Amino acid sequence: MSVDDEQVAGRRARLAALREQGADPFCIHRFDRTHTSAEVATAIQKIEAEAPDEVNWDEAAFATSVCGRLMAVRDQGKSIWADIHDAGGKVQLWAGPAQMGEEAFEEFKNLHIGDIIGVHGEAFRTRRGEPTVRIKECVLLSKSLRPLPEKFHGLQDVQLRYRRRYLDLIVNPEVREIFARRTAAVKAIRSHLDALDYQEVTTPMMQPLYGGANARPFITHHNTLDMDLYLRIAPELYLKRLVVGGMERVYEIGRVFRNEGVDASHNPEFTLLEAYQAYTDYQGMMELFEGLVCATAMAVNGSLTFEYRGQQIDLTPPWRRVGLLEAVREASGVDFAESVTDDDARAACRDLDLGDMQKDGWAGLLDKTFDRYVQPELIQPTFVVDYPVVVSPLAKRLPDRPSLAARFEPFIGGAEIGNAFSELNDPDDQRARFESQVRAGLEGDAEAHPLDEDYLMAMEYGLPPTGGMGMGVDRLVMLLTGCTNLREVILFPQMRPEEG
RNA sequence: GUGCCGUUAGCUCAGGCGGUAGAGCAUCUGACUUUUAAUCAGAGGGUCGCAGGUUCGAGUCCUGCACGGCACACCA
């Protein structure tokens, strides 16, 4: 018999005995708690604060009902100390035969670590200073049939932590803390935009045509409509339709799906914020970005400075702005503005450490050079501005340099955390850009945009000048919480099945 | 995709040169009325990731596979 069977069998035997006695814990529907663990501690402090002298807890103990998961038992024979954990923390319990009766005391000894219990009793503070509930009555609310991971080291196995996140949350308090901070971040993003009169909307996740980013989509099928649909790679094109419709400030926080590799900074589904504001441009989006990230940092860390991978980062605006081509020229010595053709660019890059360049054109080499020589140095928050139009199919041209787009990407700690631009609103130019994307697709670019006639029609009705931005929420949370793997900030990251 | 590393009890980890597998927590039994990683005494618990190979003998050496971690590559 394996140890698993042995421990599970012991717990099941106990459950069977309870059912035999007509005390099936799974038949209990509710428990009316009067205090959470945190509220017990607060109530005790309040009594102490109001007492003129030291509190006599023999008299001052107050009635309470608490509940949670049994996580530790310190059995001393006629006196048992135990801890239960609830959402906000833990509270100590004290069980003795005099308070709860011999029979109930013996029943208490039959509990297993992991059981969910409810307790009626009296709260006091022990001589050692621990807020404690002296048990008068204990109710088993749910039987835990499997042994929990070890209490001291917690759950370390990374696979188990992600595959059974509930165990990770039960035994690793710092994990609960990270997700609490993630929730605070999303809340801060929402209230920042709400305060600026942005309207939160939801747009289709299943789209007949995908767009708004360069990525390969997931394909699904609708049976009764008998049509393939794409899981969205971005909400962009729908949000801009709403701006055409007169919603001047809109945003969406939601999941997008990109059919690409999985690693420490990529999960196939992730949370993206996109916001659009009519009558502003990418300069306006820079201010929005600074405000959003600072508000989020305050919510997550209570500060505009934080440490990431040993580097001290300061988010105080205004952030540095550098031109993409200028930054690349300074870091690598190659001026892409002087190269016109793909061959020119390859020749200019021949001395750089870029690996195989055969398959790269001008834009690909620019991208590679930036990634290799510029991006790792962008530790302090930096807006990299003015991207080539050829890699920005939805962005407006700069009036004085029409080969460049009014677009920027913000970098923090060497990581790209978003993308923003003045939205292209010339439907003829947009059609030409789509057509060149379609050509790129035919030439083998799996991530090129398809042509979206319906979107072009919307634009022909008139899109006001508009600034738009997107921000990777998971990546921002990762930075602000000091996590170096995206999976640490996603509750259920995508994993391969364990067996073949 | 490539390289390196990992996979041993429910959990956390040891296992020197190849000789029938160990500890702590958890579980079970006993002692103990202020403990908080409680303590003390004892017991049970293993297809050593999977499949082959070498060998008299494999947790250990070799090959393949699976899953994961890190780095690089790809990707935005």
Side-chain angles (χ1 to χ4, degrees), chain A residues 1-11 13-14 57 71-84 90-99 105 109-110 112-114 124-132 134 144-164 167-168 170-172 212-216 233-234 256 258-266 268 270 272 353-356 359-360 363-364 367-368 370-372 375 387 391-392 409 415-419 445-448 470 472 475 484-485 487 493 495-500:
Chain A
M1 182 188 274
S2 82
V3 78
D4 180 46
D5 290 338
E6 184 187 75
Q7 294 202 35
V8 170
R11 288 164 182 253
R14 181 60 200 149
W57 280 112
M71 292 300 288
V73 177
R74 296 176 289 280
D75 186 344
Q76 290 186 289
K78 290 285 190 296
S79 171
I80 300 176
W81 304 90
D83 297 331
I84 56 169
K90 63 176 182 176
V91 63
Q92 179 167 266
L93 306 178
W94 182 59
Q99 292 74 35
F105 184 67
K109 289 186 174 182
N110 286 323
H112 286 100
I113 285 175
F124 68 108
R125 193 191 287 281
T126 62
R127 292 209 283 277
R128 299 281 177 99
E130 189 73 26
T132 301
R134 183 191 299 136
S144 174
L145 295 174
R146 290 173 179 269
L148 287 177
E150 200 214 13
K151 62 185 166 190
F152 188 59
H153 297 93
L155 185 65
Q156 299 296 321
D157 185 290
V158 177
Q159 296 200 39
L160 277 184
R161 288 189 46 230
Y162 298 152
R163 290 183 199 280
R164 303 192 206 164
L167 287 181
D168 195 26
I170 289 170
V171 299
N172 295 332
N214 292 97
R216 300 168 68 178
I233 58 172
V256 299
R258 298 188 183 177
N259 207 336
E260 54 197 30
V262 180
D263 64 28
S265 59
H266 295 82
F270 62 97
L272 186 67
D353 175 25
L354 297 180
D356 180 18
K359 280 178 266 174
D360 297 306
D367 202 35
K368 268 192 172 181
F370 176 82
D371 286 354
R372 169 73 181 75
Q375 182 169 345
Y387 282 65
V391 296
S392 313
E409 291 191 348
E416 174 205 334
I417 59 158
N419 185 18
D445 182 353
E447 300 182 338
R475 285 199 184 163
T484 55
N485 193 315
R487 292 173 163 190
M495 302 282 280
R496 274 202 165 87
E498 257 177 302
E499 294 301 327

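All values below were derived from every heavy atom in this structure, side-chain atoms included, with hydrogens, water molecules and symmetry-related copies excluded. Given the structure is predicted, the values throughout are model-derived calculations rather than measurements. In the text below, chain A, chain B and the rest are named by the order of the sequence lines, each starting its count at 1.
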When you measure from the side-chain N and O atoms of [X] to the phosphate of [N], is any distance below 4.0 Å, counting only OP1 and OP2?
{"X": "R127(A)", "N": "rU34(B)", "value": "no"}
{"X": "N485(A)", "N": "rC70(B)", "value": "yes"}
{"X": "R258(A)", "N": "rC75(B)", "value": "no"}
{"X": "H112(A)", "N": "rC28(B)", "value": "yes"}
{"X": "R487(A)", "N": "rG69(B)", "value": "yes"}

Within this structure, what is the [atom1]-to-[atom2] distance between [X] and [N], rounded to whole angstrom?
{"X": "D367(A)", "N": "rA73(B)", "atom1": "CG", "atom2": "P", "result": "13 Å"}
{"X": "R372(A)", "N": "rC75(B)", "atom1": "CZ", "atom2": "P", "result": "16 Å"}
{"X": "I113(A)", "N": "rU36(B)", "atom1": "CD1", "atom2": "C1'", "result": "13 Å"}
{"X": "R163(A)", "N": "rG69(B)", "atom1": "CZ", "atom2": "P", "result": "9 Å"}
{"X": "R11(A)", "N": "rG45(B)", "atom1": "CZ", "atom2": "P", "result": "19 Å"}
{"X": "I170(A)", "N": "rA26(B)", "atom1": "CD1", "atom2": "P", "result": "17 Å"}
{"X": "D263(A)", "N": "rC70(B)", "atom1": "CG", "atom2": "P", "result": "9 Å"}
{"X": "D75(A)", "N": "rA41(B)", "atom1": "CG", "atom2": "C1'", "result": "15 Å"}

Writing each nucleotide of RNA chain B 5' to 3' as (, ), [, ], | or . by Watson-Crick or G-U pairing under 3.5 Å yields (((((((..((((.....[..)))).(((((.......))))).....(((((..]....))))))))))))....

Any side-chain heavy-atom pair from V256(A) and F270(A) closer than 4.5 angstrom?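 Yes - at least one pair of side-chain heavy atoms lies under 4.5 Å apart.
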
Could you go over nucleotides 11-13 of chain B and give all protein N or O partners under 3.5 Å, atom names and distances?
| unit_1 | atom_1 | unit_2 | atom_2 | d |
| --- | --- | --- | --- | --- |
| rC11(B) | O2' | E150(A) | N | 3.1 |
| rC11(B) | O2' | G154(A) | O | 3.3 |
| rU12(B) | OP1 | Q156(A) | N | 3.0 |
| rU12(B) | OP1 | D157(A) | N | 2.7 |

Got a sec, which residues hit side-chain hydrogen bond (donor to acceptor under 3.5 Å, both in side chains) with K90(A), two or more places apart in sequence or on another chain?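 Result, side-chain hydrogen bond (donor to acceptor under 3.5 Å, both in side chains) vs K90(A): none returned.
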
Report yes if a donor N or O on one partner sits less than 3.5 Å from an acceptor N or O on the other, where the partners are the side chain of E6(A) and the base of rG44(B); otherwise report no.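 Such a pair is found, so the answer is yes.
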
Testing the 3.5 Å rule here: is there a donor-acceptor pair between the side chains of Q92(A) and R74(A)?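 Result is yes, a qualifying pair exists.
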
Taking atom C1' in both rG45(B) and rU36(B), what distance in whole Å separates the two? 28 Å

